[in-house]
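Heads up: the structure comes next, in structure tokens.
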Amino acid sequence: EADIYQTPRYLVIGTGKKITLECSQTMGHDKMYWYQQDPGMELHLIHYSYGVNSTEKGDLSSESTVSRIRTEHFPLTLESARPSHTSQYLCASSERGNTQYFGPGTRLTVL
Amino acid sequence: AQSVTQLGSHVSVSEGALVLLRCNYSSSVPPYLFWYVQYPNQGLQLLLKYTSAATLVKGINGFEAEFKKSETSFHLTKPSAHMSDAAEYFCAVSALYSGAGSYQLTFGKGTKLSVIP
């Protein structure tokens, strides 16, 4: 069973606020990912990391940024939230293989 | 490049009936294939995966999927639906990205399964 945690689970915030979505995993996985999920749509990869101090942008352009200072921690930051950022954000991690394990997600609403 | 097509955004079955969720993929390299399930307000949970060891893959909760290369399909089945199976199901294909050796997943749009009592 995968142990990957995301906080907060739900967040409602006003336009222009800075927010950080937290993701932590206790499995020691090198690789971590952030996906954006909208209703009726496929998951889109927005960021990924191969390990500490490694971050890359994914297929879907995003105004968010990420950091990877510790293996277990992969936070996502939005400097100035906008209504277009309203979505569900899913964090995942994987070992050397290709199976990804997902956290419970953060549902973000920007008013 | 790879892609996934899930036929039917919404499938309804009666409790006890066969569940069949369709997934077709395209991949320029031999694929790894996955089915994930997502319950309301939760993340994705791995149901099963195909990694070329056997074409018929058994997963959790009584689900299985068969890899058919000639049809580029990886359909998910369960002989008898249970009310607890109501959820959204995502098919995904993975390919190896060179460099750091990272696998990345491409997802279908999902199929929402409803189970009618």
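Below, chain A is the first sequence line, B the second, and so on; all start at residue 1.
With a threshold of 4.5 angstrom between heavy atoms, A:Leu43 approaches chain B through its backbone and through its side chain. Heavy atoms of B:Leu44 lying under 4.5 Å from chain A belong to its backbone as well as its side chain. Residue B:Tyr39: no heavy atom, backbone or side chain, is found under 4.5 Å from chain A.
A donor-acceptor pair under 3.5 Å links the side-chain atoms of A:Gln6 to the main chain of A:Cys91, judged by distance alone. Judged by distance alone, with hydrogens and angles left aside, the side-chain atoms of B:Gln38 form a donor-acceptor pair with the main-chain N or O of B:Gln42 at under 3.5 Å.
Between B:Tyr50 and the options B:Phe67, B:Tyr32, B:Phe34, a ring-ring contact (aromatic ring centres under 6.0 Å, His included) holds for only B:Phe67.
A:Tyr35 and A:Phe102 have tilted rings, their planes meeting at an angle from 30° to 60° on a 0 to 90° scale.
Interface summary for chain B: among A:Ser54, A:Pro104, A:Ala92, the most heavy-atom pairs under 4.5 angstrom belong to A:Pro104.
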